Structures are given as C-alpha cells and as structure tokens.
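Please read these numbers as outputs of a predicted model, since none were measured by experiment.
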Amino acid sequence: CSSDLPLCYTGIVYTANIDSVRHTFQASGSLWQDALVMQDMESKSLWSQISGEAIQGDLKGKTLTMFNNFHHSTFAEFKKEYPNGLLLKKETIGDAGSHYKSYMEDSTKFGIFNRADTFEKLGGKKLVFGIRHGEKIIAVSKDYLTKNVYYAFKSGDSTVLVIYDKDTETINAYETNYKLKDGKISHKINQMELKKFKSIPVVTAYWFAWISFFSDTD
C-alpha cells in the first residue's frame with residue numbers, strides 16, 4: 001500500500017486519511033439511497049459508500065479520496081503477480097449461498113424499498129462501471145464492454161481507457177496518452193503497457209444505484 005492506509009468497502013477503496021489525519025471506519029447500520037453508510041469513529045460523521053462524501057456530522061461536505069493503485073483481478077492473476085500476497089476470505093456459512101441471490105436475479109427489484117423502475121437509458125438492474133475523472137462522470141454498461149472490450153473518452157488532456165476482460169470478468173481503467181478518433185484508439189492495446197499508466201478507480205454498481213448518486217452521468 002501507500003503511506004495513506006486504504007479503507008476497502010464493498011469493492012470501493014478509499015484512503016482513510018482526512019486532512020492528513022488517519023481515521024477508523026465501521027459500518028453504521030444505516031442506508032442512504034439504498035447504499036451502505038459508513039461512520040468514522042473519531043467524529044462519528046456518516047459517509048456515503050458510493051460517493052465517499054460525509055453526509056452528516058462534523059465532517060459533512062468532506063469527501064474521501066478513492067485509492068488509485070487498485071486493480072480488479074482474479075485470485076489466479078493476483079497470485080501470479082504477488083506470490084506472497086495474502087487473501088482475506090469470508091467464511092462460508094453452510095450451502096445456502098448468498099443471501100442476496102434472489103434479489104440479484106430479480107430484475108424488477110430496486111433496493112430495499114423496491115423503488116419503481118423510472119430509470120432512463122438502461123434497465124435499473126443493468127450492471128455498469130462508473131468512473132469519475134476530473135469533470136467527467138461516466139457509466140459504461142457491462143453489456144457494452146462484453147461486446148466491445150473497451151470504452152475510451154477524453155478527459156482534459158488525457159484519454160481514459162476502460163477495459164474489460166471477458167474471460168476473467170475483470171474491469172480496469174487507465175489515464176493514457178493514446179490518441180482518440182471517433183471513440184476508437186488507433187494504438188494497439190497491450191496489457192503490459194497499460195500498467196505504466198495511472199490507474200483510475202472503477203465502481204461496479206447497478207444502474208439505478210449509480211444514477212441515484214450521479215444524475216449528470218454520461
């Protein structure tokens with residue numbers, strides 16, 4: 001890790017330092033917009049899991065920094081690159097599987113309060129990969145990347161490349177210097193070369209959850 005010790009919460013990784021002060025987080029037991037809410041032990045402020053913003057308490061308005069040097073991968077790939085790496089594995093409880101299985105498989109259920117499907121552009125239960133980079137807020141559907149492998153867009157002076165591996169079902173994004181024309185990159189994409197670029201945080205979410213937080217998403 002870096003000197004900023006990371007806070008990992010349901011697939012999103014934040015640095016746990018706020019104004020250079022290390023904080024300790026726990027689950028608050030609350031939900032906001034159908035997403036989990038964290039609480040820091042020091043100020044007792046409540047923080048949104050999705051946006052990383054303090055929504056209540058003394059630190060309201062502060063935003064946690066997402067951890068950049070973080071890659072989605074399979075355990076096999078992780079062990080190949082980090083043979084001495086450690087695995088944090090949740091203990092299996094019986095053969096019942098996930099408590100959320102029926103919810104995940106039901107395309108008509110949106111959150112704990114079962115909101116109506118009023119979500120434009122995509123079905124509310126479609127999986128998207130959300131990116132926040134500079135002034136840009138982008139959501140790319142898993143269906144699109146399954147067919148097209150990558151999506152690229154201009155952000156400031158950079159080309160952000162969102163790339164999906166169908167075999168391992170892993171997603172990563174990079175801030176590159178590739179030239180972009182009509183949404184396509186002329187440069188041949190090489191996985192090893194991509195590792196030299198800055199990694200961009202990616203959030204995997206249902207479309208209804210992402211758009212509830214970021215209504216101005218492209």
Side-chain angles (χ1 to χ4, degrees), residues 1-2 4 6 8 10-15 35 48-53 63-78 80-82 107 117-218:
C1 292
S2 69
D4 291 334
C8 184
T10 60
I12 305 173
V13 183
Y14 295 106
T15 57
S48 164
Q49 168 214 353
I50 297 293
S51 68
E53 182 180 355
T63 302
L64 297 171
T65 301
M66 293 186 76
F67 195 65
N68 280 332
N69 193 21
F70 174 72
H71 293 269
H72 297 256
S73 73
T74 63
F75 185 54
E77 290 176 324
F78 172 80
K80 187 187 299 182
E81 191 161 355
Y82 307 101
S107 63
D117 187 358
T118 58
F119 313 102
E120 299 178 356
K121 299 182 182 179
L122 287 174
K125 233 25 185 319
K126 288 291 186 179
L127 278 177
V128 299
F129 303 114
I131 309 282
R132 286 181 285 163
H133 185 268
E135 299 298 316
K136 291 278 191 177
I137 304 178
I138 302 286
V140 189
S141 74
K142 181 180 178 182
D143 289 344
Y144 177 90
L145 285 176
T146 298
K147 297 174 183 176
N148 296 279
V149 182
Y150 77 85
Y151 177 76
F153 62 93
K154 290 297 293 183
S155 179
D157 295 329
S158 302
T159 295
V160 175
L161 174 66
V162 188
I163 190 162
Y164 182 68
D165 188 321
K166 291 187 290 185
D167 295 330
T168 60
E169 295 192 26
T170 55
I171 181 77
N172 288 290
Y174 303 91
E175 182 183 278
T176 77
N177 57 7
Y178 293 154
K179 300 296 183 184
L180 187 65
K181 184 178 180 181
D182 298 327
K184 297 297 182 182
I185 293 173
S186 57
H187 187 92
K188 185 176 181 181
I189 298 173
N190 181 288
Q191 289 285 355
M192 293 302 296
E193 183 184 59
L194 286 176
K195 293 186 178 181
K196 75 178 185 181
F197 294 118
K198 180 182 177 182
S199 177
I200 303 298
V202 182
V203 176
T204 303
Y206 288 127
W207 171 241
F208 85 87
W210 181 262
I211 197 65
S212 295
F213 280 87
F214 306 109
S215 59
D216 53 349
T217 291
D218 289 329

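The 12-atom threshold is not exceeded at NZ of K80, counting heavy atoms of other residues, nucleotides or ligands nearer than 6.0 Å. Enclosure of atom CG in N177 by more than 12 non-hydrogen atoms of other residues, nucleotides or ligands within 6.0 angstrom is indicated. Atom CG of D216 is surrounded by more than 12 heavy atoms from other residues, nucleotides or ligands within 6.0 Å.
Checked by atom type and distance alone, the side chain of D182 never pairs as donor or acceptor with a backbone atom of K184 at under 3.5 Å. Checked by atom type and distance alone, the side chain of T15 pairs as donor or acceptor with a backbone atom of T65 at under 3.5 Å.
V202 and I171 make their closest contact through CG1-CG1, 4.0 Å (heavy atoms, listed as atom of the first residue, atom of the second, distance). Residues Y14 and S48 come closest through the heavy atom pair OH-O, 4.3 Å. Of all the heavy atoms in K121 and T217, the pair that sits closest is NZ-O, 3.8 Å.
Distance check, rounded to the nearest 0.5 Å: CD1 of I200 to CD1 of I131 gives 7.5 Å. Here F153 contributes atom CZ and D218 contributes atom CG; the two are 9.0 Å apart, rounded to the nearest 0.5 Å. Between the NZ atom in K196 and the CG atom in N190 there is a gap of 9.5 Å [rounded to 0.5 Å]. Between atom CD1 of residue I185 and atom OG1 of residue T176 there is a gap of 5.5 Å, rounded to the nearest 0.5 Å. Here L145 contributes atom CG and D165 contributes atom CG; the two are 11.5 Å apart, rounded to the nearest 0.5 Å. Residue L161 holds its CG atom at 6.0 Å from CG of L194, rounded to the nearest 0.5 Å.
Screening residues 131-141 for side chain to side chain donor-acceptor pair (under 3.5 Å), with sequence neighbours left out, gives H133-S155, H133-E175.
Under the 4.5 Å side-chain criterion, counting only non-hydrogen atoms from C-beta, Y164 is in contact with F129. Using a 4.5 Å heavy-atom threshold, the side chains of V160 and Y174 count as separate. For the pair M66/V203, a side-chain contact is recorded, criterion being any heavy-atom separation below 4.5 Å from C-beta on.
Between Y178 and F197, the distance from one ring center to the other falls under 6.0 angstrom.
None of F214, F213, F208, W207 except one satisfies the ring-ring contact (aromatic ring centres under 6.0 Å, His included) rule with W210; the exception is F214.
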